[in-house]
Amino acid sequence: MSYTTQMDAARQGIVTEEMKVVAEKENIDVKELMSLMAKGQVIIPANKNHKCLSPNGIGSKLRTKINVNLGTSRDCVDLNMELEKVNNAVAMGAEAIMDLSSFGDTQKFRRKLTSECPAIIGTVPIYDAVVYYHKALKDITTQEWLDIVEMHAKDGVDFMTIHCGINKATAKRFKDAKRLTNIVSRGGSIIFAWMEMTGNENPFYEHYDWILDICRKYDVTMSLGDACRPGCIADASDISQIEELVTLGELTKRAWEKDVQVMVEGPGHMPLNQIKANMEIQQTICKGAPFYVLGPLVTDVAPGYDHITAAIGGAIAATYGASFLCYVTPAEHLRLPDLEDVKEGIIASRIAAHAADIAKGVPGADEWDYKMSLARKKLDWEAMFDVAIDPEKARRYRESAKPEKEDTCSMCGNFCAVKNMNRILDGEIVSIFDE
């Protein structure tokens, strides 16, 4: 039997090697996994040309996954630095790397990722077109936009963010709505500008079926970009965002008709009280397709700390349906992230993902916390470090305290509740607090 995409295989009842790996990682029966994949509710991004991939599944019934954005730009063309970020991200547990390179030899970097990196690799072809053709934006032709999509597919990327939803109709709605922060999506702003300058329809919307044929050929997952995601709290859940989401729901259905795997991208900036409703609306409109969110950032006033504002929103979003969190670093809105920023962003995003997995009852999620609690009960510091989400930082903080007695923390000292309760329950009640 033969198949084109992982979704096609699932619908035919074919168990692929990627499905076997994901089923084992998720501790889920492979038949249940296939059922979710056949309906589009779980995806396994796995380009046929990405030979070193360690596959992962993305879907609300699986563990929440995280993505790390990086890549070169005009202000930073250090490939070695970006590769170090990639290696660190994989070592810290990121399931996906998104190459947002917009300067230099982007294809060289992209091909290096798909030939060496085991993480899921994503790209945004719109960025690359502007670099690749070395011409004014208005002079890029419809065919040239499409050719870049095929180039990325051949290079082995597992998913591509393509801003298909901002067609002439949604663009008009956006212009009429008078947003506070306009379009903050880089890809969305580029294709909007091209449409305004040329008067043409969005080529990715107009030739969507052709793009689906390319995705089907290489098994590239479509990540339907949210050009109109809100860039501030005041724009959250506005008509531009919702109208584009309706269009993305229609495009999701068309992709499934061709057995192409899909995920849908979402906000953005959004107040806490709107997140649950937004997740439920997306699940309804897009029929359970995996939701990939940037944050959401729950306040606009924390530059330098937006990894925290995004983690708060991400935990809530994933609890109510999002399945893929795009990390946000402390450098968001300020500058390109350095190695330490990347680490802080990954840790914050992993905390959010894990917190959501506990909340939504993902099987086995709380076992990690049980191990930590057991180690803390025993005051077994080495065991605590072993299961900590950031062992290096935990050990560094502990060692910097230099407690007189290694079985207590420097905050509590001899009044350590854990130590004293262990002794009391073991019968050592006398003179505990007199030592």
Side-chain angles (χ1 to χ4, degrees), residues 5-7 10-11 36-43 45 58-61 122 124 126 149 159-174 176-177 183 185 187-188 191-192 195 201-213 215-216 220-230 235-268 270 274-296 317-318 320-326:
T5 66
Q6 294 290 325
M7 178 181 237
R11 288 173 167 177
L36 294 169
M37 293 177 67
K39 292 183 287 188
Q41 295 176 5
V42 166
I43 57 175
I58 299 171
S60 62
K61 294 185 183 300
V124 188
I126 288 176
V149 172
F159 71 95
M160 286 188 273
T161 290
I162 301 182
H163 298 82
C164 309
I166 185 163
N167 56 22
K168 284 188 173 182
T170 53
K172 182 180 184 305
R173 176 72 76 177
F174 156 73
D176 292 343
I183 291 176
S185 159
I191 204 64
F192 176 80
M195 292 166 64
E201 179 59 279
N202 179 344
F204 304 113
Y205 179 79
E206 185 177 12
H207 299 280
Y208 187 63
D209 285 323
W210 183 90
I211 292 171
L212 292 179
D213 290 339
C215 290
R216 180 181 173 91
V220 176
T221 295
M222 282 288 291
S223 187
L224 295 173
D226 54 337
C228 294
R229 70 170 179 263
D235 292 337
S237 305
D238 72 352
I239 192 67
S240 298
Q241 177 197 340
I242 300 303
E243 177 152 334
E244 184 183 32
L245 181 59
V246 171
T247 302
L248 298 184
E250 295 167 352
L251 296 176
T252 296
K253 181 180 178 182
R254 286 172 59 184
W256 286 345
E257 290 170 354
K258 291 198 172 189
D259 299 320
V260 173
Q261 300 187 101
V262 177
M263 58 182 161
V264 178
E265 299 188 12
M270 182 161 288
Q274 294 183 22
I275 296 175
K276 180 181 178 183
N278 267 261
M279 299 307 107
E280 292 172 345
I281 290 169
Q282 185 275 341
Q283 293 286 296
T284 300
I285 292 175
C286 300
K287 307 300 181 186
F291 206 13
Y292 172 27
V293 295
L294 178 64
Y320 293 109
S323 50
F324 197 28
L325 303 182
C326 186

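Numbers here are sequence positions counted from 1.
Atom CE in M195 sits 13.0 Å away from atom NZ in K172 (nearest 0.5 Å). Atom SG in C228 sits 10.5 Å away from atom CG in D235 (nearest 0.5 Å). With rounding to the nearest 0.5 angstrom, the CD1 atom of I166 is 10.5 Å from the CG atom of D226. The CD1 atom of I126 sits 7.5 Å away from atom OG of S185, with the distance rounded to the nearest 0.5 Å. Here S323 contributes atom OG and F291 contributes atom CZ; the two are 9.5 Å apart, rounded to the nearest 0.5 Å.
Environment of CZ in F192: crowded, with over 12 heavy atoms of neighbouring residues, nucleotides or ligands closer than 6.0 Å.
When side chains are defined from C-beta on, Y205 counts as touching L251, because their heavy atoms get closer than 4.5 Å. Two residues are said to be in side-chain contact when any heavy atoms from C-beta on lie closer than 4.5 Å; K258 and D209 meet this criterion. The shortest distance between side-chain heavy atoms of K253 and K287 does not fall below 4.5 Å. The closest side-chain heavy-atom distance from I281 to L245 is below 4.5 Å. Here the side chains of M270 and S237 are in contact, with some heavy-atom distance below 4.5 Å. Proximity of H163 to V124: side-chain heavy atoms (C-beta onward) are separated by under 4.5 Å at one or more points. Counting heavy atoms from C-beta outward, M222 and M263 have side chains that stay 4.5 Å or more apart. Between M7 and R11 the shortest side-chain heavy-atom distance falls below 4.5 Å.
Among all heavy-atom pairs drawn from G268 and R229, the shortest one is CA-CD, 4.1 Å. When all heavy atoms are compared, the tightest approach of P290 to G40 is CD-O, 3.2 Å. Summarising the geometry of L248 relative to C286, their closest heavy-atom pair is C-SG, 4.4 Å, with the distance given to 0.1 Å. Scanning all heavy atoms of the two residues, the minimum distance from A317 to V293 falls at CB-CG2, 4.2 Å. Listed here is the closest heavy atom pair of S60 and Q283: OG-OE1, 4.4 Å. Here the closest non-hydrogen pair linking Y208 and A255 is OH-CB, 3.7 Å.
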TODO: Apply side chain to side chain contact (heavy atoms under 4.5 Å, CB included) to the pair Y320 and I275, showing each step before the final yes or no.
DONE: CA-CA 8 Å; Y320 293 109; I275 296 175; 5.6 Å; no
Are V149 and M160 close enough, and set up right, to give a side chain to side chain contact (heavy atoms under 4.5 Å, CB included), and what steps lead you there? CA-CA 8 Å; V149 172; M160 286 188 273; 3.7 Å; yes
- Task: Please assess W210 against F204 for the test side chain to side chain contact (heavy atoms under 4.5 Å, CB included), listing each intermediate value before the final yes or no.
- Result: CA-CA 9 Å; W210 183 90; F204 304 113; over 6 Å; no
Side chain to side chain contact (heavy atoms under 4.5 Å, CB included) for V220 and V260? Distances and angles first, verdict last. CA-CA 8 Å; V220 176; V260 173; over 6 Å; no
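Of the possible donor and acceptor atoms, none in the side chain of E265 sits under 3.5 Å from a partner among the backbone N and O of I162. Between the side chain of T5 and the backbone N or O of D259, at least one donor-acceptor pair lies under 3.5 Å.
If you run side-chain contact (heavy atoms from CB on, under 4.5 Å) between N167 and each of E206, E244, E201, only E201 comes through.
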